[in-house]
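Below is one structure; the comments refer to it alone.
Here the structure is a predicted model, which means the values were calculated and not measured. We count residues from 1, following the sequence as given.
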Amino acid sequence: MKKMGGEWCLEKRSDSFRNPEQETLLETGCLSVIVLGASGDLAKKKTFPALFNLYRQGFLPSDEVHIFGYARTKISDDELRSRLHGYLVDEKSSSPQQSEDLSKFLQLIKYVSGSYDTEEGFKRLDEEISQHELSKNSNEGSSRRLFYLALPPSVYPSVCRMIWNCCMNKSDLGGWTRIVVEKPFGKDLESAENLSAQIGELFDEPQIYRIDHYLGKELVQNMLVLRFANRLFVPLWNRDNIDNVQIVFREDFGTEGRGGYFDEYGIIRDIIQNHLLQVLCLIAMEKPISLKPEHIRDEKVKVLQSVLPIKDDEVVLGQYEGYRDDPTVPDLSNTPTFANMILRIHNERWEGVPFILKAGKALNSRKAEIRIQFKDVPGDIFKCKKQGRNELVIRLQPSEAIYMKLTVKQPGLDMSTVQSELDLSYGQRYQGVTIPEAYERLILDTIRGDQQHFVRRDELKAAWEIFTPLLHRIDDGEMKPIPYKSGSRGPAEADELLAKAGYLQTHGYIWIPPTL
Ligand SMILES: NC(=O)C1=CN([C@@H]2O[C@H](COP(=O)(O)OP(=O)(O)OC[C@H]3O[C@@H](n4cnc5c(N)ncnc54)[C@H](OP(=O)(O)O)[C@@H]3O)[C@@H](O)[C@H]2O)C=CC1
Ligand SMILES: O=C1O[C@H](COP(=O)(O)O)[C@@H](O)[C@H](O)[C@H]1O
């Protein structure tokens, strides 16, 4: 950042620190992005909007790119385009430039209808893609085919088989075929391993992108930089200085409209086993030997393999009152919509430090954050007036921020202490900088062939190993969720667990994000 004419601007100090190998892999040639499940919720809310944003920024040039929607629903190209329209721009406030971009973008989209388990539809899809590749003179270059499976995981095996049978890239001048698969990837260790084995028979690991959109969030991507590019944190980041770590996800709405899906999975499979665990890895991992995706993912696997079995008395489950009113949720559902648990990492750096993972739906706020609470100062001379511990808070959303709670002298004539903070609030510090959507970043990574922010097969296996015993106990009804009021903080037992884990709340302190 530097100041130019009174404005703070981003100064490009050096080249991107993205995986160095990628710089040599910038590819051109025809690119086909195929969204399977194009009629669905994820496709309209996330996948197509992310593609549109990439298009607007010039990452999907219209002379190279074509986008295909595929699903069973029988609709025309224009019907798909008009279904997507309202999700791509805010019709009330869109500028003439945005409207023009939108109509050009929509013209890049074609729709093919077909089933997920017979070749007929996929052969037609292949013909459409090939026609487009020919029209773009792809035979002069290499053609690239990216299949995004915005589909329920139950159809992944048959869809992968159909892609492999009918739709692989045929260019003999290079190019590639890649598939992006969404979570939940399996329901437990066994089902995930089965799914991995089925897909693994057809595609090699470098072709498979297991997406976890939390890995695309700005402040999650910042974790490695924060930890390994700041001398300040290097010596402090361990059991000698850190008392406890919290990773929290809260939503202030329930499972509206997704009750049927959610009830099969529950909050642990929906949020904790993937999103929060990925964040935990980035906080706890050792420094990788380089930024190459495999070096980073090797370190994440080591953390996961060091997590001890979760103890039942270190888990609190909850279910919000009213959850079962959804007609798609069984009357006697035992599915947790809230969970708080302690994970313990058995290694030299983290022995004895509780990692408290909390996620809940229908709570009193929408927030995702990391709280790293430091130990008390030894030999503290301010005991009688002590205000609180140092805490590093990384607010993933909303209002991205990093702030460090510090004890300082209360300004004034009195000699007393008060809890304050060093605050890096992005909205204030990076005015005018647009933070990209997670999906936007991750789709671009798949096109660039950068797997750093995607989950590797052994990582996934290690993640399921941690949670499967607990999940089976819940599925068997051996552990019951405690009812909590919608709009509350969740069950009171969760706060008791937090206190038991050693988290000390600073009473009277509230962080107020700075206003512009
Ligand atoms: N929605 C979201 O916010 C998020 C979703 N995900 C994941 O993304 C994937 C897609 O999610 P989402 O779009 O919500 O799902 P949808 O239920 O909307 O399904 C997507 C499409 O798949 C087809 N489909 C639905 N059910 C079946 C079925 N039983 N068998 C075959 N095809 C089916 C339908 O298309 P048609 O009938 O036209 O073929 C549907 O339009 C899932 O794995 C989900 O877990 C992950 C994060 C967030
Ligand atoms: O993966 C999922 O994430 C969303 C929350 O995503 P966010 O980016 O808005 O934090 C959650 O609502 C959904 O249940 C889950 O499947």
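- Here the closest non-hydrogen pair linking L392 and L226 is CD2-CD2, 4.4 Å.
- Results of the side-chain contact (heavy atoms from CB on, under 4.5 Å) test with Y261 over D270, T328, D41 single out D270 as the only residue that passes.
- Counting only distance, with no hydrogens or angles, the side chain of Q278 and the backbone of F454 share no donor-acceptor pair below 3.5 Å.
- We find that D101 and R56 are joined by a salt bridge, their nearest charged nitrogen and carboxylate oxygen being less than 4.0 Å apart.
- Taking both residues in full, the closest heavy atoms of R324 and P330 are given as CG-O, 4.0 Å, listed atom of the first, atom of the second, then distance.
- Panel note: side chain R178, backbone I447; a donor-acceptor pair is recorded below 3.5 Å.
- Inter-residue side-chain proximity for V89 and S99 is flagged as unmet; no heavy-atom pair is nearer than 4.5 Å.
- With respect to the salt-bridge test (charged N to carboxylate O, under 4.0 angstrom), the residues D188 and R269 do not qualify.
- For the pair Y111 and Y70, the minimum side-chain heavy-atom distance is 4.5 Å or more.
- In this structure, V112 and G121 approach most closely via the heavy-atom pair CG1-O, 4.1 Å.
- Residues D445 and Y209 are not in side-chain contact: their nearest non-hydrogen atoms beyond the backbone lie 4.5 Å or more apart.
- Heavy-atom neighbours of E294 CD from other residues, nucleotides or ligands within 6.0 Å: above the threshold of 12.
- The side-chain heavy atoms of I179 and C160, taken from C-beta on, include a pair separated by under 4.5 Å.
- For the pairing with L60, the side-chain contact (heavy atoms from CB on, under 4.5 Å) check across L54, I443, L444 returns one residue only, L54.
- Counting heavy atoms from C-beta outward, R144 and N169 have side chains that stay 4.5 Å or more apart.
- Between L442 and D212 the shortest heavy-atom distance is CD1-O, 3.8 Å.
- Minimum heavy-atom separation, G259 to V329: O-CG2, 3.8 Å.
- At least one donor-acceptor pair under 3.5 Å links the side chain of R81 to the backbone N or O of I109.
- Of the residues Q397, H275, E400, the one that meets the side-chain hydrogen bond (donor to acceptor under 3.5 Å, both in side chains) test with K217 is Q397.
- With S158 contributing its side chain and D117 its backbone, the two residues share no donor-acceptor pair below 3.5 Å.
- A salt bridge is defined here as a Lys NZ or Arg NE, NH1 or NH2 lying under 4.0 Å from an Asp or Glu carboxylate O, and D450 with R448 fails to meet this definition.
- In this structure, D252 does not pair ionically with R366, as no charged nitrogen and carboxylate oxygen lie closer than 4.0 Å.
- The aromatic ring centroids of F52 and F48 lie 6.0 Å or more from each other.
- In this structure, S425 contributes its side chain and G427 its backbone to no donor-acceptor pair below 3.5 Å.
- The closest side-chain heavy-atom distance from I211 to K183 is not below 4.5 Å.
- For the pair K187 and Y265, the cation sits on the ring face: its NZ or CZ lies under 6.0 Å from the ring centre, inside 45° of the axis.
- At least one donor-acceptor pair under 3.5 Å links the side chain of Q221 to the backbone N or O of L215.
- Under the side-chain contact (heavy atoms from CB on, under 4.5 Å) rule, V455 has a single partner from K300, R210, R297, which is R210.
- Ring to ring, Y484 and F338 are close: their centroids are under 6.0 angstrom apart.
- Looking at W464, its side chain does come within 3.5 Å of a backbone N or O of F185 through a donor-acceptor pair.
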- Where do D77 and K110 land on the salt bridge (charged side-chain N to carboxylate O under 4.0 Å, His left out) test, with the steps shown first? CA-CA 5 Å; D77 294 349; K110 277 198 83 65; 3.3 Å; yes
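- With a 6.0 Å radius and a threshold of 12 heavy atoms from other residues, nucleotides or ligands, W511 has its CH2 atom above the threshold.
- Considering E64, K170, E133, H132 in turn, E133 is the only one that fulfils the side-chain contact (heavy atoms from CB on, under 4.5 Å) rule with S143.
- Put simply, the side chain of S32 never gets that close to the backbone of R145: no donor and acceptor are under 3.5 Å apart.
- Considering only residues two or more places apart in sequence or on other chains, E120 meets the side-chain hydrogen bond (donor to acceptor under 3.5 Å, both in side chains) condition with R124.
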- Item | Verdict with reasoning, K123 to E127, per salt bridge (charged side-chain N to carboxylate O under 4.0 Å, His left out) | CA-CA 6 Å; K123 281 185 177 156; E127 278 163 24; over 6 Å; no
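- Put simply, the residue from R395, M223, Q246 that forms a side-chain contact (heavy atoms from CB on, under 4.5 Å) with I370 is M223.
- Counting non-hydrogen atoms of other residues, nucleotides and ligands closer than 6.0 Å to CG of D331 gives a total of 12 or fewer.
- Proximity of a side-chain donor or acceptor of E299 to a complementary backbone N or O of I296 within less than 3.5 Å is not detected.
- Of all heavy-atom pairs between L108 and H66, the closest is O-CD2, 2.9 Å.
- Inter-residue side-chain proximity for Y320 and T255 is flagged as met; some heavy-atom pair is nearer than 4.5 Å.
- Between the side chains of Y439 and N53, no donor N or O sits under 3.5 Å from an acceptor N or O.
- Annotation: side chain of N165 is not in contact with side chain of F122 (no heavy-atom distance under 4.5 Å).
- A donor-acceptor contact under 3.5 angstrom links the side chains of E79 and S76, judged on distance only.
- A donor and an acceptor atom, one from each side chain of S488 and N364, are nowhere located under 3.5 Å apart.
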- Go through the steps for H453 and R441 under the test side chain to side chain contact (heavy atoms under 4.5 Å, CB included), then give the verdict. CA-CA 10 Å; H453 303 295; R441 242 191 261 265; over 6 Å; no
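- Note that the CD atom of E369 and the OG atom of S399 stand 11.0 Å from one another [nearest 0.5 Å].
- Between the side chain of E182 and the backbone N or O of L42 there is no donor-acceptor pair closer than 3.5 Å.
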